[in-house]
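Just so it is clear: chains get the letters A, B, ... in the order the sequence lines come, proteins before strands, and each one is counted from 1. For the numbers below, each heavy atom of this structure counts, side chains included, while hydrogens, waters and symmetry mates do not.
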Protein chains: 2
Amino acid sequence: MDSSARTIVQKAPEGFLGPELIVSIQKGGIDPDRRRLIRGAFSAALGAMAGSAMGATGNPSDGDAEILNLPPWSTLLGKPVVFKPYGDPSIYETSLARRQSPGLTSVAQASVSFAPLQGLFGIITPSGLHFERHHQGWVDVDPSRHRLMINGLVGRPRVYTMDDLMRLPSVSRIHFIECGANSAMEWANVAVPTVQYTHGMISCSEFTGVPLSVLLDDAKIDRSRAKFVLAEGADGSSMTRTIPMERALDDAFVAYGMNGEMLRPENGYPLRLVVPGVQGVSWVKWLRRIEVGDQPYGAKDEVAHYVDLMPDGRLRQYTSIQEAKSVITTPSGGQKLVGQGFCNVTGLAWSGRGTIKRVDVSFDGGRNWKAARLESPQLPKALTRFNCDWTWDGSPCLLQSRAMDDTGFVQPSYRMLREVRGTRSIYHNNAIQTWRVDRSGEVSNVQL
Amino acid sequence: MDSSARTIVQKAPEGFLGPELIVSIQKGGIDPDRRRLIRGAFSAALGAMAGSAMGATGNPSDGDAEILNLPPWSTLLGKPVVFKPYGDPSIYETSLARRQSPGLTSVAQASVSFAPLQGLFGIITPSGLHFERHHQGWVDVDPSRHRLMINGLVGRPRVYTMDDLMRLPSVSRIHFIECGANSAMEWANVAVPTVQYTHGMISCSEFTGVPLSVLLDDAKIDRSRAKFVLAEGADGSSMTRTIPMERALDDAFVAYGMNGEMLRPENGYPLRLVVPGVQGVSWVKWLRRIEVGDQPYGAKDEVAHYVDLMPDGRLRQYTSIQEAKSVITTPSGGQKLVGQGFCNVTGLAWSGRGTIKRVDVSFDGGRNWKAARLESPQLPKALTRFNCDWTWDGSPCLLQSRAMDDTGFVQPSYRMLREVRGTRSIYHNNAIQTWRVDRSGEVSNVQL
């Protein structure tokens with residue numbers, strides 16, 4: 001809502017997030033004292049107006065006399081259509097923004113921006129708030145100069161313009177993209193204060209493009225020897241990733257569309273690879289080349305980075321699937337409950353192996369579980385929105401969500417995950433997240 | 001892509017669209033002559049660069065020597081993350097915009113903006129390109145001052161703040177919204193030149209909000225007498241619409257979320273009514289009041305407007321359901337085929353009564369039909385994206401699409417529709433659209 005009312009400033013932990021952190025409390029509501037202050041300010045500055053004089057009690061009996069004073073938007077002529085050829089959010093929504101974590105990397109071009117999950121609804125991430133993770137910053141590629149080459153173990157090397165690609169058979173599918181390092185700080189039990197920073201390296205969009213299988217057929221791949229493809233980006237980092245052929249021929253596609261329009265520059269405009277269920281680093285942005293080979297390429301971003309350090313000291317490579325995971329986005333860390341009584345608990349669940357079949361919510365740290373309502377659509381390798389009724393009695397609570405996918409996989413606790421993975425990993429943390437609600441209604445991140 | 005290459009200027013018919021009309025040919029491709037010119041300009045201005053020297057033939061053998069000259073985005077450091085807290089489309093995408101039809105209404109505040117369907121992908125309409133139709137312009141409502149009242153035949157009148165509403169049980173659903181007057185000009189056989197103007201008063205979004213049934217229960221409606229509700233907006237037009245109680249208690253909800261974020265101001269921020277399957281005028285924007293009554297209210301926008309003039313001279317009122325309809329968005333009027341050969345034909349289908357079960361495409365004006373591929377998800381009262389393979393042999397063609405929903409309803413031809421509705425209607429035109437492709441590849445709007 002009103003951005004001044006929707007944000008609080010709170011101290012952040014040393015070193016990681018910088019001196020302070022703006023936290024949206026959009027759906028957590030507004031501190032009642034604060035709301036009284038706001039209303040006071042309005043009646044002073046603007047006089048009482050419809051509704052506001054009635055208070056937030058849902059009881060119209062108080063202040064009826066002031067109802068006739070209408071706000072300006074009810075009495076004046078509005079703005080014309082096409083005020084802007086391309087529309088923007090309300091002037092009251094400025095507190096909802098992508099945010100970088102200062103100090104996370106030495107230069108911003110190699111850093112991350114996090115999506116504000118605490119203020120988002122449903123499963124579609126607004127393209128203007130999609131998370132970013134770049135290896136050498138983002139670039140404005142001229143689509144009329146961009147080309148995609150298919151080479152390597154093929155009978156007929158190909159080079160496509162964007163016009164060529166847009167004439168080919170097209171698919172549109174809704175999928176999540178999650179950075180392999182999402183929730184990374186939690187391995188070290190840093191307890192990052194908000195869901196934007198604990199889980200904000202995930203987004204979900206409707207992507208449109210050409211199946212990779214169509215392009216590989218067109219290039220006449222050598223099926224006896226072709227076992228892997230290498231995807232390469234056109235930006236300065238020339239980022240490359242190996243993808244097994246069975247996955248390339250399954251549901252991977254080269255996308256030019258995202259949420260109904262062309263990809264955004266930060267997300268790979270005009271062309272990126274979509275590898276459903278796989279960590280974001282393999283969704284190569286500004287895609288310029290697909291090379292077909294007979295073995296993994298061992299690129300720096302798959303042997304030195306995006307590997308899992310196991311308890312026995314060995315590095316686990318090519319662990320690309322994002323396992324079933326979920327998180328409660330409201331109430332979540334940094335938000336404050338308006339007061340006791342009914343509160344809709346909502347969050348997101350996803351699995352890189354298939355469709356979310358069930359989400360359970362606990363209010364006592366995992367001793368008791370309640371099945372959440374799953375919203376439609378429930379799609380494979382896409383976010384699923386869940387909601388759960390809750391009446392808060394004012395006592396301290398420990399909120400958790402636990403996802404199950406259609407393979408039967410159940411999202412693990414930290415204890416279960418660490419028995420297998422140890423504590424020295426960076427990537428692929430899909431443990432159950434816990435939010436603590438104290439007597440004041442303040443919500444914070446704790447680890448169980 | 002490059003906006004200069006992506007748009008052509010063409011004469012529009014007298015009186016309706018003004019002197020000229022910019023037509024996106026994003027997916028229709030670029031005239032080959034034009035492309036050669038562009039490449040020439042590049043080599044002159046920038047020297048040859050990777051890919052562009054290879055041409056659009058898909059054959060890398062020509063111009064190999066020039067491949068080593070890389071474009072700047074492959075050799076320089078890119079922009080930092082959070083370059084903007086809220087991202088925008090590429091600088092190359094400026095030709096894709098909402099557009100008003102000059103002269104459609106005497107003042108722009110009572111006019112329409114059309115969504116650029118010819119350049120959109122999938123089913124989600126980017127919120128920045130959502131169509132608009134206002135009765136007195138759009139307004140910037142301060143959500144902290146906005147209230148929703150439930151009154152009339154209720155045991156307990158209610159007034160809710162936005163914070164109150166956001167604590168209540170929430171649903172998220174993908175639905176289309178179509179203006180009852182979409183395709184209106186075609187009744188008079190005006191043959192508006194592009195799909196943006198023939199069908200652009202439709203959009204589809206993921207909406208999030210509170211079921212109306214929850215609010216009506218909370219207000220303790222008098223179930224013996226409550227048969228209708230009246231929805232009222234907070235803008236200067238105080239637009240009101242009657243909705244039957246069975247529909248209000250079925251799948252209608254008050255929405256604050258659209259495509260993951262708060263509603264846009266032009267679409268009713270911070271609260272609008274969502275009435276799935278029903279014409280857009282009933283989706284009251286800036287919703288401030290729901291009154292419960294025992295008979296239709298006969299508001300001006302349901303007795304004088306949004307009525308259907310039948311052949312016998314009588315006016316048909318309260319015809320609110322948007323029947324099954326479809327349109328091919330590429331190739332479509334104003335676009336030009338790049339050349340003979342394979343061309344992906346794509347479009348949209350929808351039904352206000354349920355789910356799209358089948359879409360057929362014809363290339364000979366309806367003599368022969370071919371089943372199109374339906375993309376996922378296929379949801380009730382939502383857009384469905386279809387694609388169909390086509391190889392153009394250079395001869396003139398008449399392209400049509402025909403939708404069927406899960407009630408068995410089949411989208412009618414103009415002949416069938418006019419037998420029942422006559423020719424004097426404005427609203428509820430769901431006839432089959434025909435696009436003519438001539439030998440030059442130019443696509444135009446014709447009526448069969």
Interchain contact, [X] with chain B, by part (heavy-atom threshold 4.5 Å):
{"X": "A/Gln136", "result": "both"}
{"X": "A/Val107", "result": "neither"}
{"X": "A/Asp235", "result": "both"}
{"X": "A/Leu76", "result": "backbone"}
{"X": "A/Arg156", "result": "neither"}
{"X": "A/Ser111", "result": "both"}
{"X": "A/Asn387", "result": "side chain"}

If we only count heavy atoms from C-beta on, is the [X] to [Y] side-chain gap below 4.5 Å?
{"X": "A/Arg385", "Y": "B/Thr208", "result": "no"}
{"X": "B/Arg373", "Y": "A/Pro169", "result": "yes"}
{"X": "B/Pro89", "Y": "A/Tyr269", "result": "no"}
{"X": "B/Trp390", "Y": "A/Arg167", "result": "no"}
{"X": "A/Ile91", "Y": "B/Asp140", "result": "yes"}

Handout entry: Pair A/Phe121 and B/Tyr256, ring centroids less than 6.0 Å apart
Key =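 Between B/Tyr256 and A/Phe121, which both carry aromatic rings, the centre distance is below 6.0 Å.
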Approximate separation, where rounding is to 0.5 Å, of [X] [atom1] and [Y] [atom2]:
{"X": "B/Ser205", "Y": "A/Ile124", "atom1": "OG", "atom2": "CD1", "result": "10.0 Å"}
{"X": "A/Ser90", "Y": "B/Arg264", "atom1": "OG", "atom2": "CZ", "result": "10.0 Å"}
{"X": "A/Leu120", "Y": "B/Glu261", "atom1": "CG", "atom2": "CD", "result": "8.0 Å"}

Any donor-acceptor pair under 3.5 Å linking the side chain of [X] with the backbone of [Y]?
{"X": "A/Ser74", "Y": "B/Ala234", "answer": "yes"}
{"X": "A/Glu206", "Y": "B/Ile123", "answer": "yes"}
{"X": "B/Arg173", "Y": "A/Ser376", "answer": "no"}
{"X": "A/Gln109", "Y": "B/Gly78", "answer": "yes"}
{"X": "B/Glu93", "Y": "A/Leu263", "answer": "no"}
{"X": "A/Glu132", "Y": "B/Val82", "answer": "yes"}
{"X": "A/Arg98", "Y": "B/Lys84", "answer": "yes"}

Handout entry: Heavy-atom contact with chain A under 4.5 Å, split by part of B/Val112
Key = backbone
Handout entry: When B/Gly236, B/Cys343, B/Ser170, B/Ser113 are compared by non-hydrogen pairs under 4.5 Å with chain A, the top option
Key =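 Of the options given, most contacts go to B/Ser170.
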Problem - Pick from A/Pro72, A/Pro126, A/Ala97 with the largest number of heavy-atom pairs that fall under 4.5 Å of chain B - result: A/Pro126
Problem - Heavy-atom closest pair, residues B/Tyr92 and A/Asp142 - result: OH-CB, 3.4 Å
Practice task
Please state whether the rings of A/Phe83 and B/Trp138 are parallel, tilted or perpendicular, taking 30° and 60° as the class boundaries.
Solution key: perpendicular
